[in-house]
Every structure is written in C-alpha cells, then in structure tokens.
A.B. asks: 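Structure provided below as structure tokens; questions to follow.
In what follows, residues are counted from 1 in the order of the sequence shown.
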Amino acid sequence: MRKVVALLFVMSAVCSPASVVLAIPNPDTGPGCGLGKELWKNFKNQKNILPQVMMATTNVTGFQTFAISFGTSGCSNDGVFMSEYKVTLFAELNFENLAQDMAQGQGEHLASLATLMGVPDEQHQEFFAMAQEHYGSPIREGEPSAAAVVAALYEAMGRHPVLAKLNVGR
C-alpha cells in the first residue's frame, strides 16, 4: 500500500505541471499548413485530437515539406530564408577562395558574391575595387569569419558613392 501511495504522489508531482500547461488555451487550429491541413480544414472542431492527429499524420508523408518549399497547400514561401542567408552561406562555403579573390580585387567567387548581393554586372568593377580595399578590415578587427566579411562589405557598400545608390542589402 505504501508503494501505491508513493507512486501516486510521484505521478501527481510529474503530471501536475503538464496539466497546467495543457490547460492554457491555444488559438492554433492544427499543424500549420500542408496537405494534411488542407484535407482536414473543414472538420467542425479543428482543436479536437482526431483532426490534429490526421493533419500531422498526413503531413509526415513529406507533403508539408513540399508545400513549404513551393508555397502550396496553404503554406507561404516568400523566400525570406534564402534572401536573408544566401550571401552569408555562400561566403561561408567559399571563404578561402573568396578571400583570395577579394585580395586580388577580381575573380569568379567575388563576382558570384556581388551577384548574390544584388550588384548589377555593370557595377561589378566598382564592387571588386571596394571589396579589395576593405578586404582586411574584419581580419584586423579580429573577426575573420564569413559573416563578418559580408557585414563589412554591406557596410562599405552603404558608404560607397556609387554602390550606396543600388539599394541592395539585407
């Protein structure tokens, strides 16, 4: 009998915080977007367990990933992830080659970076010269990372007489 009482005490201590969290109202009507959300959207009580389980189960098939990637089935794809991180990701993956190109003031990797940053082809030479001029600044400041280099380039572009007019950046 003592073991049962002890077990009940432990169970109540473990479960009571979870019950408080579960009792808080949740305005969400299911697992986001995707085929599962679309198939079960007309179910009368969206917050019931059955439609939410069915939505989640359907979305596990990979349809939700597809929907998010391509902006279908109620998912939006505004490209924010790509536009926000593509420049830094490129710089990170090509850091050594990019550093060499910046030091030389020319090169394939630097041209690709300029394009990703939104610099038109006719302004690439100005960008190359600016990049070469500011090549060492993140390194001198103790931040030789791709993110620091990209941030320094955006900052330098904002002060450049020609490149500042392009209205590019993060």
A.B. asks: Measuring only between side-chain heavy atoms, which start at C-beta, is Phe128 closer than 4.5 Å to His124?
C.D. replies: yes

A.B. asks: What residues form a side-chain contact (heavy atoms from CB on, under 4.5 Å) with Ala103, not counting sequence neighbours?
C.D. replies: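 For Ala103 the side-chain contact (heavy atoms from CB on, under 4.5 Å) partners, ignoring immediate neighbours, are Tyr135.
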
A.B. asks: Evaluate the criterion side-chain contact (heavy atoms from CB on, under 4.5 Å) for residue pair Leu153 and Met130; output intermediate values, then yes/no.
C.D. replies: CA-CA 8 Å; Leu153 288 174; Met130 186 241 7; 4.0 Å; yes

A.B. asks: With side chains defined as the heavy atoms from C-beta onward, is the minimum distance between Phe127 and Met117 less than 4.5 Å?
C.D. replies: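 They are in contact (side-chain heavy atoms under 4.5 Å apart), so the answer is yes.
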
A.B. asks: Using a 3.5 Å cut-off and no angle test, enumerate the donor-acceptor pairs between side-chain atoms of residues 93-102 and protein atoms at least two apart in sequence or in another chain.
C.D. replies:
unit_1 : atom_1 : unit_2 : atom_2 : d
Asn94  : ND2    : Phe90  : O      : 2.9
Asp101 : OD2    : Glu108 : N      : 3.4
Asp101 : OD2    : His109 : N      : 2.8
Asp101 : OD2    : Leu110 : N      : 3.2

A.B. asks: Distance check, rounded to the nearest 0.5 Å: Lys165 atom NZ versus Gln123 atom CD?
C.D. replies: 9.5 Å

A.B. asks: Between His160 and Ala156, is there a donor-acceptor pair closer than 3.5 Å when you use the side chain of the first and the backbone of the second?
C.D. replies: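 It does not hold such a pair.
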
A.B. asks: Before you tell me yes or no, could you show the steps for Val149 and His134 under side-chain contact (heavy atoms from CB on, under 4.5 Å), namely the whole-Å CA-CA distance, both residues' side-chain angles and the distance that decides it to 0.1 Å?
C.D. replies: CA-CA 9 Å; Val149 169; His134 291 86; over 6 Å; no

A.B. asks: Please report the closest heavy-atom contact between Ala146 and Ala91, naming both atoms and the distance.
C.D. replies: CB-C, 3.6 Å

